[in-house]
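Note that the coordinates shown come from a computational prediction; the quantities given were computed from them, not determined experimentally. By convention in this document, chain letters (A, B, ...) are assigned in the order of the sequence lines, proteins followed by strands, and residues within each chain are numbered from 1.
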Amino acid sequence: MQPWPRTEEEARAVQDLLRAQVVAEPGPASPATVAGLDVAYSADDDRLAAAVVVLDAADLTVRDTAVVRGKPAFPYVPGLFAFREVPALLDALGKLTVRPEVLICDGHGLAHPRRFGLAAHLGVLTGLPSFGVGKTRLVGEWAPVGETRGSRSALVDGGEPVGAVLRTQTGVKPVFVSVGHRIDLDTACALTLRLAPRYRLPETTRAADRVCRDLLG
DNA sequence: GCGACAG
DNA sequence: ATCTTGTCGC
């Protein structure tokens, strides 16, 4: 992605162009490796650190870690969030020696105004299966989610299902799971639950968050 | 015009 | 995202 958009209009045009490349398919139900991606920012919002941590999906042990420092590539604008972190995340992905089979992003995939959030964006650019696990909603409505771990409710926007509101821990606020590229929602939710045996967020996200956070502080 | 608004 | 103390609970 050489000509990085410089205006919101250009960014939206890029999304409208790339979203046509999203592939909907079953996806790996039992991947051997899964990657968590996250970015941390300095207080002044001038610098950032992006991290990718690859875990063994069987025992959640760390197989590889890559982290890079850089600057935000775009201002934060809801709906255009990916343009801010994608360059740094691609740099980090390029430093990996272990190829992850699935990318798990901190944000949304198709649960986006134009159905092309960060997870979908990274999936298309890398060609890897990807999905997003967000902490808060960007778009959509949903019916109350059951209180027990594993309960889920359809996330619907504009009359169409765009993701799931999934309870990863009983009695804890649910997360927002949405498909990005080359994977289906049920598989994404199953993987998310498998990766979150104890905490609200999947270990992939927690591991990446911790790594980029201390490379900054 | 008034909210909502991934990280 | 980040700025920030204490506090309630297991």
Side-chain angles (χ1 to χ4, degrees), chain A residues 5 8 11-12 14-15 18-19 22 35-53 67-92 103-125 130-142 147 149 155-158 161-166 168-181 185 188-189 192 197-202 204-217:
Chain A
E8 297 185 19
R12 291 192 196 90
V14 170
Q15 293 182 322
L18 294 180
R19 67 178 171 184
V22 169
L37 302 79
D38 193 26
V39 174
Y41 296 85
S42 59
D44 52 37
D45 200 60
D46 208 17
R47 297 174 299 115
L48 63 74
V52 181
V53 177
V67 57
V68 299
R69 302 201 314 165
K71 303 189 55 106
F74 206 80
Y76 172 67
V77 179
L80 300 180
F81 175 58
F83 294 96
R84 194 171 168 70
E85 309 189 334
V86 161
L89 288 172
L90 288 179
D91 280 353
L103 261 35
I104 301 176
C105 310
D106 190 17
H108 299 96
L110 302 189
H112 174 279
R114 287 171 296 286
R115 306 294 180 260
F116 199 69
L118 175 65
H121 206 136
L122 280 172
V124 166
L125 263 40
S130 70
F131 67 92
V133 177
K135 297 180 289 295
T136 62
R137 78 141 228 173
L138 172 56
V139 298
E141 312 80 45
W142 64 96
E147 286 300 314
R149 168 180 155 81
L155 179 61
V156 181
D157 182 51
V162 296
V165 183
L166 178 69
T168 54
Q169 293 299 321
T170 298
V172 174
K173 179 187 304 190
V175 296
F176 300 76
V177 179
S178 63
V179 160
H181 182 62
L185 187 58
C189 285
T192 298
R198 172 157 190 201
Y199 299 102
R200 180 192 180 216
L201 298 176
T204 37
T205 298
R206 286 165 50 76
D209 178 77
R210 179 181 170 179
V211 170
C212 64
R213 180 129 40 171
D214 52 42
L215 179 137
L216 208 56

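- Heavy-atom contacts of chain A under 4.0 Å fall on DNA chain B between two terminal nucleotides, which in 5' to 3' order are B/dC5 to B/dG7.
- Among the heavy atoms of the strands lying under 4.0 Å from A/Tyr41 are primed sugar atoms or P, OP1, OP2 only; no base atom is included.
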Intermediate values then yes/no, side chain to side chain donor-acceptor pair (under 3.5 Å), A/Glu85 and A/Tyr41: CA-CA 10 Å; A/Glu85 309 189 334; A/Tyr41 296 85; 2.8 Å; yes

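- Between the side chain of A/Arg69 and the backbone N or O of A/Ala50 there is no donor-acceptor pair closer than 3.5 Å.
- The salt bridge (Lys or Arg N to Asp or Glu O under 4.0 Å) contacts involving residues 168-180 of chain A comprise nothing, where partners must be two or more places apart or lie in separate chains.
- Residue contacts shown for A/Leu80 include a base, since a base heavy atom lies under 4.0 Å away.
- Taking CG from A/Leu103 and CG from A/Leu118, the interatomic distance works out to 9.5 Å, rounded to the nearest 0.5 Å.
- Two residues are said to be in side-chain contact when any heavy atoms from C-beta on lie closer than 4.5 Å; A/Leu89 and A/Leu122 meet this criterion.
- A/Asp38 has no carboxylate O lying under 4.0 Å from a charged side-chain N of A/Arg213, or vice versa, which leaves the two without a salt bridge.
- Nucleic acid contact for A/Gly134: sugar-phosphate only, since backbone atoms but no base atoms lie under 4.0 Å from a heavy atom of the residue.
- Residue A/Gly79 is classed as a base contact, given a heavy-atom separation below 4.0 Å to a base.
- Chain A approaches DNA chain C within less than 4.0 angstrom (heavy atoms of the protein), and the contacting nucleotides run 5' to 3' from C/dA1 to C/dT2.
- Under the 30°/60° scheme for interplanar angles, the aromatic rings of A/Phe116 and A/His121 are found to be tilted.
- Cation-pi check for A/Arg206 over A/Tyr199 is met; the charged atom lies under 6.0 angstrom from the ring centroid and within 45 degrees of its normal.
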